[in-house]
Student: 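Here it is, the structure, as structure tokens.
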Amino acid sequence: MTSCAALPILTSTLFSTLAPNPTDPPYSFAGLCTAITDWNAAAANSANQIFAGATELDRKNELAAFLGNTLHESGDFVYPREITPCGDNVEDTGVLYCKPAGYSSGQGAYTDPYCSTSHTTVSNPDGCNCAGTVAESGSNGYEANKLYFGRGPIQLSWNYNYIDAGAALNEDLCTNPDLVATNDAIAWGTGEYCLSLVAQHSNLVLDV
């Protein structure tokens, strides 16, 4: 049994009991432990630590809330991408394409339900630039990196959440949102980012 250095109450045994068949990447125990350490070590988060309650009970409660939400959102850490828009996907020459539920080749452009065109990189509040629709790429479907559906342990979605989570993690999630489904540190980091928002605003209901 291995314990997280930054959070000893979180063990590999607990993780594997709760999620016996995680998809790795991005849902690895080691990746989660590293992400916790990295988040709390970042200077920008010095006043916004996670799993750092004054008592062990505080830390257990925060961990339980985090794991409960993320396990629910990701199907026990099995699904890195939202099923309806991208459960069926194919990689072609290094590019991932999504085939939304009911897709048939030749149906034309796909309307991204998570693109708010009024949110742009220069608007306030901001968001990743998106066109609202994505062109079909032959019989492959639609390029994943042009869509802002749910990804990762908290199923981060919407172009305005991707830009803010990316800024918090110093990653360009506008250009490459699928990093949230493929990179351990970034996937867990988005979950921690959302957790930190809730910790800062106890009455916040986050639309992810």
Side-chain angles (χ1 to χ4, degrees), residues 1-84 86-87 89 149-158 161-162 164-171 173 177-208:
M1 181 179 70
T2 304
S3 297
C4 276
L7 186 63
I9 59 172
L10 177 57
T11 67
S12 56
T13 300
L14 172 63
F15 185 88
S16 60
T17 298
L18 295 173
N21 298 296
T23 298
D24 179 14
Y27 302 128
S28 71
F29 172 73
L32 174 55
C33 294
T34 298
I36 294 170
T37 298
D38 290 348
W39 179 276
N40 286 338
N45 299 327
S46 60
N48 190 23
Q49 303 282 282
I50 57 173
F51 307 122
T55 69
E56 183 173 289
L57 180 59
D58 291 337
R59 296 188 290 276
K60 284 183 176 179
N61 286 340
E62 188 175 8
L63 178 61
F66 177 79
L67 291 175
N69 276 281
T70 54
L71 285 162
H72 170 74
E73 291 289 343
S74 64
D76 297 338
F77 303 147
V78 170
Y79 302 109
R81 300 177 185 88
E82 189 176 345
I83 297 172
T84 299
C86 203
N89 54 70
F149 53 78
R151 294 178 175 90
I154 202 66
Q155 290 292 282
L156 183 77
S157 57
W158 287 99
N161 285 325
Y162 272 90
D164 290 344
L169 299 172
N170 294 313
E171 296 287 347
L173 297 184
D178 213 54
L179 283 172
V180 181
T182 58
N183 182 291
D184 290 46
I186 295 172
W188 291 119
T190 60
E192 293 164 357
Y193 161 72
C194 293
L195 174 67
S196 74
L197 291 182
V198 174
Q200 292 176 66
H201 307 283
S202 59
N203 62 341
L204 177 68
V205 176
L206 188 66
D207 178 13
V208 297

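Here, residue 1 is the first one in the sequence, and each next residue gets the next number.
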Student: If you define the side chain from C-beta out and look only at heavy atoms, does anything of Phe15 sit under 4.5 Å from Ser28?
Tutor: no
Student: Quick check: does any side chain N or O of Asn183 sit under 3.5 Å from a backbone N or O of Pro26, one acting as donor and the other as acceptor?
Tutor: no
Student: What's the spacing between Arg59 CZ and Leu10 CG if we round to 0.5 Å?
Tutor: 12.5 Å
Student: Can you tell which of Leu156, Leu173, Asp178 makes a side chain to side chain contact (heavy atoms under 4.5 Å, CB included) with Arg151?
Tutor: Asp178
Student: Are there more than 12 heavy atoms of other residues, nucleotides or ligands under 6.0 Å from atom CZ of Phe51?
Tutor: yes
Student: Could you tell me if the side chain of Thr23 sits less than 4.5 Å from the side chain of Tyr79, heavy atoms only?
Tutor: no
Student: Is any side-chain heavy atom of Asn69 less than 4.5 Å from a side-chain heavy atom of Ile154?
Tutor: yes
Student: How many angstroms lie between atom CG of Leu7 and atom NZ of Lys60, to the nearest 0.5 angstrom?
Tutor: 11.0 Å
Student: What's the shortest heavy-atom distance between Thr190 and Pro153, and which atoms?
Tutor: OG1-CD, 4.3 Å
Student: On the 0 to 90° scale, with breaks at 30° and 60°, tag the Tyr27-Trp188 ring pair as parallel, tilted or perpendicular.
Tutor: perpendicular
Student: Take Leu32 and Phe66, measure what side chain to side chain contact (heavy atoms under 4.5 Å, CB included) needs, and give me the verdict at the end.
Tutor: CA-CA 12 Å; Leu32 174 55; Phe66 177 79; 4.1 Å; yes
Student: Could you tell me the separation between the OG atom of Ser16 and the CG atom of Asn21, rounded to the nearest 0.5 Å?
Tutor: 10.5 Å
Student: What are the two closest non-hydrogen atoms of Glu73 and Gln155, and how far apart are they?
Tutor: O-CG, 3.2 Å
Student: If you apply the rule side chain to side chain contact (heavy atoms under 4.5 Å, CB included), what do you find for Ile50 with Asn40, and how did you get there?
Tutor: CA-CA 7 Å; Ile50 57 173; Asn40 286 338; 3.5 Å; yes
Student: Return the minimal non-hydrogen interatomic distance between Asn89 and Cys86, and the atom names on each side.
Tutor: ND2-O, 3.0 Å
Student: How close do Asn48 and Trp39 get, counting heavy atoms only, and between which atoms?
Tutor: O-NE1, 3.1 Å
Student: Please assess Leu18 against Leu71 for the test side chain to side chain contact (heavy atoms under 4.5 Å, CB included), listing each intermediate value before the final yes or no.
Tutor: CA-CA 8 Å; Leu18 295 173; Leu71 285 162; 3.9 Å; yes
Student: At their closest point, which heavy atom of Tyr193 faces which heavy atom of Asp164, and how far apart are they?
Tutor: OH-CB, 3.2 Å
Student: Less than 4.5 Å apart, any side-chain heavy atom of Ser3 and any of Thr11?
Tutor: yes
Student: What I'd like to find out is whether the side chain of Glu192 reaches to under 4.5 Å of the side chain of Leu169, using heavy atoms alone.
Tutor: no
Student: Taking all non-hydrogen atoms of both residues, which atom of Leu14 and which atom of Ile9 are closest, and how far apart?
Tutor: CD2-O, 4.1 Å
